[in-house]
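Read the structure below first, then the notes.
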There are 2 protein chains.
Amino acid sequence: MGQAATIKDVAQRAGCGVATASRVLNDTGPASAEMRKRVMAAADALDFQFSDVGRSLQSSTTRTIGCIVPSIENPVYADAVQGAQAVFLNAGYQMLLICTNYSVESEIHAVRTLIAKQVDGILLTVGDAQNSEGLDLIRRRQVPHSLLFNAAPAGQRSWSVDDHAAAAAVADAFAENNHAHTGFLALNFLSSDRARHRYEGFAERCAERGMAPPALLEVDDDGLDLTARLQDFLAAHPELTGIFASNDFLALAAIRSARRLFIDVPGDLSIVGFDGIKVGQMVEPSLATIVTTPRVLGAGAGETVLSMIDGSAPPDVPQKDQTFSFRAGGSLAPLTAESKDDGKVAAFPSPDDPTRKTAKSNRRDQHEI
Amino acid sequence: MGQAATIKDVAQRAGCGVATASRVLNDTGPASAEMRKRVMAAADALDFQFSDVGRSLQSSTTRTIGCIVPSIENPVYADAVQGAQAVFLNAGYQMLLICTNYSVESEIHAVRTLIAKQVDGILLTVGDAQNSEGLDLIRRRQVPHSLLFNAAPAGQRSWSVDDHAAAAAVADAFAENNHAHTGFLALNFLSSDRARHRYEGFAERCAERGMAPPALLEVDDDGLDLTARLQDFLAAHPELTGIFASNDFLALAAIRSARRLFIDVPGDLSIVGFDGIKVGQMVEPSLATIVTTPRVLGAGAGETVLSMIDGSAPPDVPQKDQTFSFRAGGSLAPLTAESKDDGKVAAFPSPDDPTRKTAKSNRRDQHEI
DNA sequence: GTGAAAGCGCTAACAG
DNA sequence: CTGTTAGCGCTTTCAC
């Protein structure tokens with residue numbers, strides 16, 4: 001398709017200079033009705049379309065914004081990307097998408113590529129916003145950009161969930177349901193500051209609430225292996241009655257694994273997720289989770305980038321405590337006498353009530369089936 | 001960031017011509033060790049990076065491939081896009097992504113935009129491959145491209161699931177489980193040739209199997225409204241014992257709706273989905289469905305586009321019957337005596353056995369709670 | 001109202 | 001080995 005018509009061809013065919021052709025085609029500047037007609041006819045006949053690359057070179061603007069996210073297989077990022085895209089498209093911008101697959105090395109490569117492509121702005125989620133080579137490069141080049149899902153580095157803004165506070169809310173939920181011994185289940189713990197912040201927020205609030213420090217279980221994937229890992233984990237920590245999974249898929253996978261291990265959710269074990277993906281409400285038991293609004297964050301971050309480009313006032317980032325909400329669900333139930341098998345009744349056990357033994361023995365029974 | 005260094009700046013600083021600078025920076029053509037050093041130093045000092053825009057203009061190639069899909073909120077497309085992206089990135093190509101939100105009008109707009117951007121190729125899923133203005137434009141401009149998920153138009157190739165055959169396999173599954181009266185639940189039926197092909201394939205096989213023609217229920221969204229729609233639908237078609245949903249989300253939503261209507265799945269109603277998304281195996285009952293491999297298709301389509309660009313032999317599209325497989329699941333159960341409440345026993349009802357009355361009465365009982 | 005020409009960043013052909 | 005130059009498609013002065 002190298003033989004596409006250029007504006008020169010159009011001008012030639014219309015019998016005029018390229019400037020005139022440019023003027024009428026862009027409807028900028030004067031032109032006689034006659035010329036107008038001739039140019040339009042020529043453009044039509046040649047099936048002419050402007051080349052943005054010529055334009056970009058001339059204007060040093062590409063009307064393209066780069067977007068770097070870990071993976072759109074995760075609906076959280078997919079939604080955010082779509083939200084941003086809608087904003088961009090609406091403003092006449094295109095989106096160059098790069099998924100890093102959670103690899104920090106490809107982050108820097110992606111940034112370089114986008115800068116080479118002269119994108120007008122960049123929207124990105126990095127592994128660790130405090131220490132990101134890619135982010136440094138962007139700053140050095142002063143490319144308009146906005147972070148997404150990363151906690152804002154000092155003095156910066158970011159469209160993100162307050163992972164710390166949200167995780168604390170999960171601890172609260174466990175506390176209110178009388179769970180004192182919990183676990184934290186994480187994927188990509190090392191490569192993601194999000195997971196770490198969630199762990200920290202959770203652990204801190206657990207401490208404040210007088211609960212035991214959460215036991216940590218890191219996994220590499222949410223596939224079949226999880227069942228074995230979970231079994232070992234629960235065997236090593238028999239006192240656990242609740243698990244906070246760092247995202248909903250993991251939570252769902254944990255529920256499935258529990259089912260295979262004959263552990264009743266929420267009877268024997270309560271599980272809480274994070275993200276609020278759609279399917280969480282379709283399953284039985286429904287998933288208790290932190291609901292976030294990725295689409296809104298993506299759109300907001302997109303608008304922020306656009307505002308940096310055209311110098312207008314950036315939209316306000318949402319209040320930290322409005323970036324999430326806790327959604328109750330069937331996967332989290334109060335730890336009460338019914339969930340014990342020792343027959344003892346404790347209507348309102350205090351948060352630090354050592355209910356561990358009962359939960360433990362209950363589960364162990366199941367294990368030994 | 002308009003003040004980025006250009007190759008001219010580098011040349012100037014290195015005290016040489018731009019050609020020399022270009023040669024050493026690209027490692028193309030000869031250069032003395034001395035010059036080499038000076039140029040590298042200059043580039044380094046200026047933090048120089050090539051501008052792809054200048055390059056593109058000069059080479060009339062952008063190393064960018066456009067990708068048009070309905071929505072990456074659907075994991076099927078998200079996976080396909082990621083599969084394609086991996087291939088592109090690996091070959092040094094970037095991806096410009098446009099989601100059309102299932103709007104046919106935005107398809108043509110997207111195509112125009114991509115052509116203006118001079119993408120080297122296009123990967124796309126259109127609403128109807130037989131009649132797509134966007135696709136026509138692409139062909140007219142002879143842009144290397146590949147269809148994805150659309151049935152191939154005459155004489156063309158496409159990386160897609162054989163929707164027709166896959167849907168027929170669903171009919172087979174229902175038949176083998178003695179269901180004779182089924183429904184087809186569709187979303188975006190009008191704007192998607194995929195949904196239509198699935199319906200046709202399903203209906204045809206139902207006929208071949210001596211089953212009743214499937215009743216059609218079209219919905220606009222898979223949200224809460226579905227429950228009411230489903231209730232009306234089942235009331236209007238009391239003989240139904242199985243529903244084939246045109247995608248897994250819809251199937252999951254249908255299961256949830258059924259739960260709310262006190263209809264037992266699969267006891268009163270069997271449900272089969274389409275796509276094979278991950279969560280289908282995490283839920284209880286697990287979802288019987290058609291498993292597809294979006295990532296593979298996306299990667300294949302991506303390679304096809306690349307091969308068209310560099311003139312190499314395109315990869316073979318998979319055999320039609322290898323683009324899907326049926327996965328049994330708890331949401332589809334045989335229609336047997338146990339699923340009836342009239343007490344009659346029929347060990348092996350023939351496919352056209354009118355089991356309708358019993359299934360109907362069973363469900364009606366529930367409705368009237 | 002119109003056109004010639006410069007120049008955006010880069011590469012490649014051609015002289016030196 | 002190295003520098004000059006033309007030109008990719010476009011917009012935009014600036015004369016006419």
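The chains referred to below are lettered A, B, ... by the order of the sequence lines, with proteins before strands, and numbering in each begins at 1.
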Between [N] ([atom2]) and [X] ([atom1]): distance, integer Å:
X	N	atom1	atom2	answer
A/R23	D/dT13	CZ	P	11 Å
A/L25	D/dT11	CG	P	8 Å
B/I7	D/dT4	CD1	P	14 Å
A/L57	D/dA6	CG	C1'	15 Å
A/Q58	C/dG7	CD	P	13 Å
B/F48	C/dC10	CZ	C1'	9 Å
B/F50	C/dG9	CZ	P	13 Å
B/K8	C/dT11	NZ	P	14 Å

Would you say [N] has OP1 or OP2 under 4.0 Å from some side-chain N or O of [X]?
X	N	value
A/S56	D/dC10	no
B/S59	D/dC8	no
A/S22	D/dT11	yes

Across the strands shown, which category fits [X] at heavy-atom distances under 4.0 angstrom: base, sugar-phosphate, nothing?
X	result
A/G17	sugar-phosphate
A/A31	sugar-phosphate
B/D52	nothing

Would you mind telling me which residue lines up with the more 5' stretch of DNA chain D, B/G54 or B/R38, judged by nearest nucleotide?
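The residue closer to the strand's 5' end, by nearest nucleotide, is B/R38.
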Between B/M35 and A/R55, just flag the one whose closest nucleotide in DNA chain D comes earlier from the 5' side.
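Result: B/M35.
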Flag yes if more than 12 heavy atoms outside A/M40 fall under 6.0 Å of its CE atom; otherwise flag no.
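No - once you tally the heavy atoms of other residues, nucleotides and ligands closer than 6.0 Å, there are 12 at most.
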By nearest atom, which of the nucleotides D/dC10, D/dC1, C/dA12 is closest to the B/P30 side chain?
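Of the options given, the side chain of B/P30 lies nearest D/dC1.
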Side chain of A/T20 (C-beta onward), nearest among C/dA12, D/dC1, C/dG3
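The nucleotide sitting nearest to the side chain is C/dG3.
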Validation row: A/Y93, A/T64 side chains within 4.5 angstrom (heavy atoms):
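Result no, sub-4.5 Å side-chain heavy-atom pair not found.
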B/R194 side chain reached by B/N150 side chain, heavy atoms, under 4.5 Å
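Yes, at least one pair of side-chain atoms sits under 4.5 Å.
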Cation-pi between A/R55 and A/F50: NZ/CZ under 6.0 Å from ring centre and within 45° of the ring axis?
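Cation-pi check for A/R55 and A/F50: passes.
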Looking only at heavy atoms, which two atoms of A/R38 and A/G15 are closest? And how far apart?
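So the two residues come closest at NH2-O, 3.3 Å.
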Quick check on DNA chain C: between A/V18 and A/S32, whose nearest nucleotide comes earlier from the 5' end?
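The residue whose closest nucleotide sits nearer the 5' end is A/S32.
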